[in-house]
Amino acid sequence: MKSIKLLTALIVALFTYNASAADVANGKKVADISCVACHKAGVMGAPKIGDKADWQKRMEKGLVGVEKNALNGLNSMPAKGGNPTLSDNDIKDAIAYFLDSAGVRAAANASKAKAKPKAKPAPTPVVKAVVKTVKKPKKSKVMNFNRLMKPPSEWNPPPFEDGIHDPDGEGAYMLQPPRELFTNLEKSSSGNRVDWVKTLNNGLIAPRWDKADDTKQPFVMDLNIVREVKGSMPNVVYPHKQHTQWLDCSNCHPDIFIPKKGANQISMAAILMGEKCGVCHGKVAFPVSDCRKCHSQNKKKPLVASRK
Amino acid sequence: MKIKSSLKLKFSALALFVGLFFSFNLFTASPAHAEYGDVVINNFSEEAGMRPVVFPHWFHRARFRCKVCHADLGFKFEAGGNEIDMLKIIDGEYCGACHNGEIAWAVENCNLCHSGTPDTPTQVHGSTVQQLVSNDKKPEQK
């Protein structure tokens, strides 16, 4: 009996240990992705990671105040650090990590007690964060088993987090983050996560047809070419319309496609290797994983010899 | 006593599992990925002591049709295939057709184009070809 009690205590201890680790550890994870861009170097007056004086100054308002500013934004600090996909608890965890790494933890509680009369007598935020982080891993890591699938929170990262822009260069911070443009555009499940054709047709963007003259309009040719496919996939319908909205005839003809029916051998192998349709599709235009966007015409059912 | 011990075993297994589950989930961070269609051009940049160029297709296609660059300005459909250098740009060719201070900002903003992570090879980031054949699949994991 005694051993069971001991075990229960152990499990409880394990839980609380993991939970308190989750607090700061998750905070570090969040911070490494979404906060370091500014808080590592102290960009535009941001309190630096590990700088005790910086964080001590912020904590004069109390933890609640710091959390509020991080959640709602203040001066150069955008709300949630400019990453609206983060949950409130992610932000609170990140703050816990910043305070922990700056060694302001103990002082935080002291100054919070001082600030409390002003703030609401809410339950201590530290405890709240702990309780919620215990549940979180189950929720946010649903698709983690598939390394090719990314949760929406990881789509369209800003330049300084995307892995090919150098976070140590100033360009990465001056360039427009994709999400800023994409939020108002038509959504798609692949590529940039933007349906560019729909976006254009709905007038959400007005890309120029001439580099300087914004009155010039394309000559759109509305002609569908159906290509019968040998395998089990539906036939391919190639729409000139959507292509001539963006491109000039000379972009494809005659170098990539000979403008004559039956003159072009096209295979998925060639496309995957960046030839034929693959010159654009799989690089810039929607990727080849969107099979049914091209293979869109159902074949007539094969004629089955019937007795009657 | 037998029942108790099996119970104890179950408990400890459960505790171990729960503990592992949480700690595992905490430290599995997935790498970041750049925008589909972003082109890195590193023909001459790093040799000349500059960061590689990152060309964001998404940014440009929201403002210009493909035709403007790929037909009017003569950009080939090939990453790094145009052999662009600063001389050509200053002469008004390729990027310099717009990046001249009139249509878009001019060439003195070096770091806006030369913003790539060092050692990133020329590529169309996230392209099918890159995923299938390139051995430089993950430039962000050096």
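Naming: A, B, ... by sequence-line order, numbering from 1 per chain.
Judged by distance alone, with hydrogens and angles left aside, the side-chain atoms of B:Y36 form a donor-acceptor pair with the main-chain N or O of A:K283 at under 3.5 Å. Between the B:R65 side chain and the A:P207 main chain, a donor and an acceptor come within less than 3.5 Å of each other. Side chain of B:K67 to backbone of A:W209: a donor-acceptor contact under 3.5 angstrom is found.
Contact count versus chain A (heavy atoms, under 4.5 Å) is highest, among B:A104, B:C110, B:A97, B:G126, for B:A97. For the options A:A172, A:G171, A:P167, A:S250, heavy-atom pairs under 4.5 Å to chain B are most numerous at A:G171. Most heavy-atom pairs under 4.5 Å with chain B, from the set A:S190, A:A285, A:C280: that is A:A285. Ranked by heavy-atom pairs under 4.5 Å with chain A, the list B:D38, B:N109, B:I103, B:L73 is led by B:I103. Contact count against chain B (heavy-atom pairs under 4.5 Å) is highest for A:H165 among A:Q245, A:H165, A:M174.
Looking at B:H70, the atoms closer than 4.5 Å to chain A (heavy atoms on both sides) sit in the backbone and in the side chain alike. With a 4.5 angstrom heavy-atom cutoff, A:F286 touches chain B only via backbone atoms. In this structure, chain B has no heavy atom under 4.5 Å from any part of A:P158. Contact annotation for A:I256: only side-chain heavy atoms (C-beta onward) come within less than 4.5 Å of a heavy atom of chain B. Using a 4.5 Å cut-off between heavy atoms, B:R51 touches chain A through its side chain atoms alone.
Within the 4.5 Å cutoff, the side chain of B:F77 has heavy atoms near those of the A:N251 side chain. In this structure the side chain of A:D166 reaches within 4.5 angstrom of the side chain of B:P118, judged on heavy atoms.
The side chain to side chain contact (heavy atoms under 4.5 Å, CB included) test with B:W58 is passed by exactly one of A:V194, A:L181, A:L185: A:L181.
Within the model, atoms CE of A:M273 and CG of B:L132 stand 6.5 Å from one another, a figure rounded to the nearest 0.5 Å. Interatomic distance, B:S115 OG to A:D168 CG, rounded to the nearest 0.5 Å: 12.5 Å.
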